[in-house]
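Count residues from 1 along the sequence. Everything quoted here is computed from the prediction, not taken from an experiment.
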Amino acid sequence: MCGLSGWVSYGRDLRREREQETVAAMTATMACRGPDDSGVWTRPHVALGHRRLAVIDIEGGRQPMSYDTGGGEVALAYTGEIYNFIELRDELRQRGHTFRTRSDTEVVLHAYLEWGEALADRLNGMYAFVVWDGRTERLLLVRDRLGVKPLYYYPTQDGVLFGSEPKAILANPYAEKAVDLDGLREAFSWIRTPGHAVWRGMREVRPGTLVTVDRGGERTHTYWKLEATEHTHDRAASVARVRELLTDIVRRQLVTDVPRCTLLSGGLDSSAITAFAQRELGDSEQIRSFSVDFARHEENFTADPFRADADAPFAKETAAHCGTAHENLVFDAQSMADPAVRRAVVAAKDLPTGFGDADNSLYLLFKAIRKRSTVALSGESADEVFAGYKWLHQPEAQQAGTFPWVDHTHVTSPHTGTGVYDKGLLAALDLPGYIRQRYAEAVAEAPRLAGEDAFEARMRLVCYLHLTRYLRILLDRKDRLSMAVGLEVRVPFCDHRLVEYVFNTPWSMKTFDGREKSLLRAASADLLPRSVAERRKAPYPSTRDPFYTAALQQHAKEVLADRGHAVHTLTDQEWVQQTVARTADEVDGTTRTGLERWLDLATWLEIHAPRLVLSD
């Protein structure tokens with residue numbers, strides 16, 4: 001998977017010792033993303049840094065990789081996987097290219113030499129990479145269509161800084177480590193505005209976009225976006241096409257030279273991916289599958305409107321049905337509440353907000369899996385692609401004049417953590433106003449299909465919002481927490497061919513059986529136990545153990561005791577003091593979520609020590 005960093009400066013020589021040390025420091029921040037190898041490539045006005053997680057062609061895929069054209073060097077620093085690299089390599093060979101390695105990295109480099117910027121149109125995969133073209137002294141930054149792999153950049157007076165994560169850029173003294181009100185609005189509002197990076201002056205390369213930087217400045221080009229097209233297949237043909245696509249996608253994403261596995265929760269999404277994977281491998285390999293569970297979960301579990309039953313029995317049933325080598329990884333409340341785990345999670349995400357114990361357990365799950373496998377296939381994004389969320393099927397949410405997952409109640413309640421913030425800060429942030437602005441922007445850019453009736457058009461918009469805003473939160477979370485331990489997580493449901501196809505199926509077809517994810521269920525039902533194929537959507541599990549809450553309260557007391565802590569100027573200390581004074585059993589789930597948000601913010605301030613600019 002890897003991590004990259006770099007610096008282009010047209011006004012200085014980056015081969016000097018001080019600049020070399022800076023680039024080495026930037027690259028070192030990506031060590032967790034690439035524990036197997038590192039490299040730095042430097043020329044007068046450019047420095048590329050790379051940390052490698054070796055997945056394909058372990059010996060031959062070292063980076064940065066360069067090629068001397070005779071008229072100037074072209075160098076590449078690349079992260080991710082190209083799933084059609086074998087076909088591309090064959091085509092490039094027919095066009096006269098020769099290859100020294102078996103790696104997809106070299107295929108991307110030669111694809112640029114052959115097609116220039118147009119190479120992005122030919123790639124199928126999850127990727128983020130930069131190309132320095134010494135013939136024109138131009139930098140090219142490219143990101144995959146759905147934004148599975150992250151890529152950030154920070155324009156400077158004479159060039160640009162860039163990296164897989166903000167921390168790589170912030171390691172350069174020319175990047176200001178500051179967050180303003182607009183950054184806090186983005187972090188606290190639970191939307192993800194394409195291109196927004198939270199840190200002031202920093203930008204995120206938008207999904208499906210390439211950015212070029214040269215002496216004349218910066219230029220952005222969108223090479224892919226969701227389009228509205230008429231769907232001409234009937235139900236049977238649509239189900240068959242989804243099945244065909246998933247078969248091909250999983251087959252491609254199983255290609256690796258290192259141990260592979262699947263993430264199996266026992267829900268429809270992960271079970272379908274596991275079933276397709278084992279079906280593809282047949283008798284040649286029993287794929288490993290992993291699920292997460294909590295100590296004492298059976299005795300603490302209670303059903304709620306979002307989760308009717310526990311995951312473990314369904315994961316076990318799917319594994320037995322498909323024939324995988326399954327392992328249920330169990331974590332106790334003490335490990336999930338460990339401040340060191342929270343610190344690792346917040347450091348990985350570079351953000352002051354998260355999903356509480358769900359983030360901590362996911363990090364621990366990835367850490368445990370990494371001891372056994374290097375590549376994992378995940379069911380992430382099926383809910384966005386196939387319309388799986390419960391709120392998508394509620395009339396009030398369907399017609400809400402805002403993002404369906406962030407209604408007006410949530411904006412000012414502890415459910416999203418805003419209830420713990422200082423009232424003066426909340427007034428300055430005006431989160432409801434910010435969300436209205438971002439919602440209007442999203443609606444304005446959404447594709448429309450001529451002649452579509454009002455309800456179908458509305459549901460197309462709602463699906464677009466999830467694919468371009470909410471999915472960004474989840475993909476970034478998955479990438480950061482997995483790469484923090486050097487695990488590559490692949491997301492088959494993010495293949496752009498599948499996303500395009502399902503996006504353009506009418507809502508009536510997405511829900512033809514009166515339930516969520518009808519197309520996915522129909523395309524995979526014969527591969528799954530009936531109980532799993534018919535199971536209702538359940539979110540990622542959360543612990544109900546009161547010890548976890550008690551541990552949070554103790555951690556919060558320790559932070560409160562530090563009277564000079566920066567978190568006190570941003571939050572409602574009376575609320576926190578009242579919360580920690582209760583018994584663990586008296587703290588409900590909503591209040592616990594608020595306390596988790598408070599601790600995330602406190603930890604983020606400790607790690608990054610940003611300069612906060614609290615006025616517009």
Side-chain angles (χ1 to χ4, degrees), residues 3-30 38-51 63-69 71-79 112 116-117 128-143 150-180 182-183 195-206 209-221 350 608 610-611 613:
L4 63 84
S5 64
W7 186 3
V8 169
S9 174
Y10 294 107
R12 70 187 72 240
D13 188 341
L14 297 183
R15 296 172 298 182
R16 295 186 301 181
E17 183 177 355
R18 185 176 65 179
E19 281 75 6
Q20 291 272 12
E21 291 175 353
T22 297
V23 174
M26 295 171 67
T27 306
T29 66
M30 297 291 94
S38 65
V40 173
W41 185 88
T42 310
R43 293 299 182 269
H45 300 304
V46 61
L48 304 181
H50 190 266
R51 293 289 314 202
Q63 297 186 53
M65 187 176 287
S66 62
Y67 183 90
D68 191 345
T69 66
E73 288 181 285
V74 175
L76 169 74
Y78 157 77
T79 72
Y112 174 78
E117 293 182 14
F129 60 87
V130 297
V131 177
W132 172 258
D133 194 330
R135 298 169 297 186
T136 56
E137 290 198 319
R138 186 185 67 163
L139 182 76
L140 176 69
L141 302 98
V142 183
R143 193 173 182 200
L151 185 56
Y152 296 84
Y153 67 108
Y154 186 102
T156 63
Q157 277 192 327
D158 67 344
V160 67
L161 309 172
F162 49 92
S164 293
E165 298 179 11
K167 59 177 65 70
I169 294 171
L170 296 174
N172 190 300
Y174 288 96
E176 181 187 20
K177 192 181 289 187
V179 176
D180 56 20
D182 209 35
H196 204 302
V198 174
W199 297 89
R200 190 163 77 165
M202 192 182 299
R203 305 171 192 170
E204 183 183 50
V205 178
R206 294 177 63 132
T209 300
L210 54 86
V211 177
T212 57
V213 178
D214 57 24
R215 292 179 184 273
E218 169 194 328
R219 178 175 62 86
T220 299
H221 169 67
D350 291 322
H608 288 292
R611 186 172 70 85
V613 183

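- Taking both residues in full, the closest heavy atoms of P64 and V40 are given as CD-N, 4.0 Å, listed atom of the first, atom of the second, then distance.
- Here the closest heavy-atom approach between residue A25 and residue A171 is recorded as O-CB, 4.1 Å.
- Contact between G201 and P155 at its shortest, heavy atoms only, is O-CD, 3.7 Å.
- For the pair V46 and W41, the minimum side-chain heavy-atom distance is below 4.5 Å.
- To the nearest 0.5 Å, atom OH of residue Y154 and atom CZ of residue R203 are 10.5 Å apart.
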Next on the checklist: Let's go through T209 and R143 carefully: what are the C-alpha distance in whole Å and the side-chain angles of both, what is the deciding distance for side chain to side chain contact (heavy atoms under 4.5 Å, CB included) to 0.1 Å, and is it a yes or a no?
Outcome noted: CA-CA 6 Å; T209 300; R143 193 173 182 200; 5.9 Å; no
Next on the checklist: Applying side chain to side chain contact (heavy atoms under 4.5 Å, CB included) to E218 and V160, what does each step give before you reach the verdict?
Outcome noted: CA-CA 9 Å; E218 169 194 328; V160 67; over 6 Å; no
Item to check | M30/L4 under side chain to side chain contact (heavy atoms under 4.5 Å, CB included): CA gap, chis, key distance, verdict | outcome: CA-CA 7 Å; M30 297 291 94; L4 63 84; over 6 Å; no
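- Side-chain contact between Y112 and D133 is present, with heavy atoms from C-beta onward closer than 4.5 Å.
- Of all the heavy atoms in S5 and T27, the pair that sits closest is OG-OG1, 2.9 Å.
- Put simply, CD on E73 and CH2 on W132 are 11.5 Å apart, with the number rounded to the nearest 0.5 Å.
- Atom-to-atom distance recorded for L48:CG and F162:CZ is 5.0 Å, nearest 0.5 angstrom.
- Judged by distance alone, with hydrogens and angles left aside, the side-chain atoms of T42 form no donor-acceptor pair with the main-chain N or O of R15 at under 3.5 Å.
- The aromatic rings of H608 and W199 sit perpendicular, their planes meeting at an angle over 60°, well past the 30° parallel limit.
- Checked against salt bridge (charged side-chain N to carboxylate O under 4.0 Å, His left out), E19 has the following partners two or more places apart in sequence or in another chain: R12, R16.
- Rounding to the nearest 0.5 Å places NZ of K167 at 11.0 Å from NZ of K177.
- We find the CD1-CH2 distance between I169 and W7 to be 13.0 Å, quoted to the nearest 0.5 Å.
- Under the salt bridge (charged side-chain N to carboxylate O under 4.0 Å, His left out) criterion, E176 pairs with R200, R611, sequence neighbours left out.
- Of the possible polar contacts, one joining the H45 side chain to the S9 backbone as a donor-acceptor pair under 3.5 Å is found.
- Contact detail for L151 and A128: the closest heavy-atom pair is CB-CB, 3.9 Å.
- With hydrogens and angles disregarded, a donor-acceptor distance shorter than 3.5 Å links the side chain of Y10 to the backbone of E137.
- Residues V130 and L139 have side chains in contact (heavy-atom distance under 4.5 Å, counting atoms from C-beta outward).
- Proximity of V23 to L14: side-chain heavy atoms (C-beta onward) are nowhere separated by under 4.5 Å.
- In this structure, T212 contributes its side chain and L140 its backbone to no donor-acceptor pair below 3.5 Å.
- Residues N172 and T22 bring no donor and acceptor atom of their side chains to less than 3.5 Å of each other.
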Item to check | Verdict with supporting geometry, V213 and L141, side chain to side chain contact (heavy atoms under 4.5 Å, CB included) | outcome: CA-CA 8 Å; V213 178; L141 302 98; 4.3 Å; yes
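- Across every non-hydrogen atom of H196 and G183, the tightest pair is CE1-CA, 4.0 Å.
- Environment of CD in E21: crowded, with over 12 heavy atoms of neighbouring residues, nucleotides or ligands closer than 6.0 Å.
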